[in-house]
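Below: the structure, in structure tokens.
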Amino acid sequence: MTHRSGFACFVGRPNAGKSTLTNALVGTKVAITSSKPQTTRHAIRGIVHRDDAQLVIVDTPGVHKPRTLLGQRLNDVVRETWSEVDVVGFCVPADEKVGPGDRYIASELRKVAKRTPVIGIVTKTDVAKPEQIAEQLLALQDVLDFEELIPVSAVDGFQVKQLEDLLVARLPEGPQLYPDGDLTDEPEQTLVAELIREAALEGVRDELPHSIAVTVEEMLPREDKRDLLDIYATVYVERPSQKGIILGHQGERMKAVGAQARQQIQKLLGTKVYLNLHVKVAKDWQRDPKQLRRLGF
């Protein structure tokens, strides 16, 4: 039996369902998902293990016309990723018209499509009517010359397996790239920081879309209790007024963030966690190269 292995990535406008699809394929939560665009900042990889293949999914930030230095860096991450994978999945939600953002991405994709197969994926079919889905598939044919077009829903599992087969068929033959149990190659600290950030974004969607960054300062097992992990993390915002929003009345909001993040982190790491969160103001960090570097971008 031949074994295939290689890399795939999903691209699309922010919030086109890329992370949810990655999680559905990998079968566990590796990429953070949120209804807020711009939540994924690292090329987090999810790994799909099969007897006949190993598919490594690189999850990229959503592509958009950049307005800040952070935006530019995010777009660079995406382009680098596209040029290194074996197959690209271009995601467009079934319930939103194909727009200028999608055409912008398609025009960028044309540059790689000559050497990398691109599959058109209509996502979120669970929230669209059959005729909407059909219209979307037709509309996509005009956008780019896709190798294949497929409608899927990561939420109810519709055609997720078929999509996996289409991606695997385009991988080169080769041995396993990662050990069997691995689901992602991101260092644990990065995943922990992302989970905290996801929890911090939860209730403040509209007020602070991308003004939040998180760094994990320390992660160590507690001396006297080996089954307890102490995690110290800092949540950065850009302005003092945002600090108040994140903390909430008498710190209530921050307590809720900590509790939610702790649950997710315990699930991820399989151990009890003590989570210590601090909020700091890093003035206009998205526009400052020095601060971007310090925060890991």
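Keep in mind the model is a prediction, meaning the values are calculated, not measured.
By the criterion of side-chain heavy atoms lying less than 4.5 angstrom apart, applied directly or through intervening Ile, Leu, Val, Met, Phe, Trp or Tyr residues, I245 is grouped together with V281 in one hydrophobic cluster. Cluster annotation: V155 and F10 are assigned to distinct hydrophobic clusters (Ile/Leu/Val/Met/Phe/Trp/Tyr, side-chain heavy-atom contacts under 4.5 Å, transitive). In this structure, I265 is not a member of the same hydrophobic cluster as L228, with clusters built from ILVMFWY side-chain heavy atoms closer than 4.5 Å. Hydrophobic clustering (ILVMFWY, side-chain heavy atoms < 4.5 Å, transitive): Y232 and M219 are in distinct clusters.
Within a 6.0 Å sphere centred on NZ of K161, heavy atoms belonging to other residues, nucleotides or ligands number more than 12. Counting heavy-atom neighbours within 6.0 Å of D51 CG, excluding the residue itself, gives a total of 12 or less. Counted within 6.0 Å of CD on Q263, heavy atoms from surrounding residues, nucleotides or ligands total 12 or fewer; the atom is thus considered open.
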Could you please spell out the steps behind the salt bridge (Lys or Arg N to Asp or Glu O under 4.0 Å) verdict for K243 and E238? CA-CA 8 Å; K243 187 173 176 177; E238 293 194 298; over 6 Å; no
Walk me through whether R50 and D165 qualify under salt bridge (Lys or Arg N to Asp or Glu O under 4.0 Å). CA-CA 11 Å; R50 304 185 359 169; D165 290 341; 2.8 Å; yes
Starting from the C-alpha separation in whole Å, work towards a yes-or-no answer on side chain to side chain contact (heavy atoms under 4.5 Å, CB included) for I212 and L201. CA-CA 8 Å; I212 299 176; L201 275 169; 4.0 Å; yes
Side chain to side chain contact (heavy atoms under 4.5 Å, CB included) evaluation trace for R170 with E148: CA-CA 11 Å; R170 282 155 183 84; E148 300 268 357; 3.3 Å; yes
In sequence, state the C-alpha distance, the side-chain angles, and the governing distance for F90 and I121, and then conclude on side chain to side chain contact (heavy atoms under 4.5 Å, CB included). CA-CA 6 Å; F90 179 27; I121 304 167; over 6 Å; no
Quick one: do L21 and L163 satisfy side chain to side chain contact (heavy atoms under 4.5 Å, CB included)? Show the steps, please. CA-CA 10 Å; L21 198 49; L163 172 63; 3.8 Å; yes
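Between the E198 side chain and the A193 main chain, no donor and acceptor come within less than 3.5 Å of each other. In this structure, D102 contributes its side chain and G99 its backbone to a donor-acceptor pair below 3.5 Å. The main-chain N or O of I119 is never found under 3.5 Å from a side-chain atom of E147 such that the two would form a donor-acceptor pair. Not one N or O on the side chain of T22 forms a donor-acceptor pair closer than 3.5 Å with the backbone of G46.
Note: I47 CD1 to Q176 CD = 9.5 Å, rounded to the nearest 0.5 Å. E135 CD to K129 NZ: the interatomic distance, rounded to the nearest 0.5 Å, is 10.5 Å. Summarising the geometry, atom CG belonging to L140 is positioned 9.0 Å from atom CG belonging to L144; distances are rounded to the nearest 0.5 Å. Expressed to the nearest 0.5 Å, how far CG of L275 lies from CD1 of I231 amounts to 6.0 Å. T123 contributes atom OG1, which lies 8.0 Å from atom CD of E96 (distance to the nearest 0.5 angstrom). One finds the NZ atom of K18 at 7.5 Å from the CG atom of N15 (value rounded to the nearest 0.5 Å).
Side-chain contact between D86 and T116: absent, with no pair of heavy atoms (C-beta onward) separated by less than 4.5 Å. A heavy-atom distance below 4.5 Å is not found between the side chains of I150 and V122. Within the 4.5 Å cutoff, the side chain of L277 has heavy atoms near those of the M254 side chain.
Among the candidates H278, K280, E217, the single residue satisfying the side-chain hydrogen bond (donor to acceptor under 3.5 Å, both in side chains) test with T234 is E217. Paired with I133 under the rule side-chain contact (heavy atoms from CB on, under 4.5 Å), one option of L138, T125, D95 passes, and it is T125.
What you find for R262 and V273 is that their closest heavy atoms are CD-O, 3.0 Å. Between L220 and E218, the shortest heavy-atom contact is CD1-OE2, 3.6 Å. Listed here is the closest heavy atom pair of F146 and G120: CD2-N, 3.3 Å. Shown here for P93 and K124, the closest heavy-atom pair between the two residues is CB-CD, 4.1 Å. Scanning both residues, A213 and R197, for their nearest heavy atoms gives CA-CD, 4.3 Å. Summarising the geometry of A233 relative to I196, their closest heavy-atom pair is CB-CD1, 3.7 Å, with the distance given to 0.1 Å.
We find that R253 and E202 are not joined by a salt bridge, their nearest charged nitrogen and carboxylate oxygen being 4.0 Å or further apart. Ion pair R103/D142 not flagged as a salt bridge, since none of the NZ, NE, NH1 or NH2 atoms sits closer than 4.0 Å to an Asp/Glu carboxylate oxygen. Between D230 and R222 there is a salt bridge, since a side-chain N of the basic residue sits under 4.0 Å from a carboxylate O of the acidic one.
Counting only N and O atoms by type, the side chains of D156 and S153 include a donor and acceptor under 3.5 Å apart.
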Would you be so kind as to tabulate the donor-acceptor pairs closer than 3.5 Å made by side chains of residues 1-9, with sequence neighbours excluded?
from	atom 1	to	atom 2	distance (Å)
H3	ND1	G174	O	2.8
R4	NH1	L171	O	2.7
S5	OG	G174	O	3.4
S5	OG	P175	O	2.7

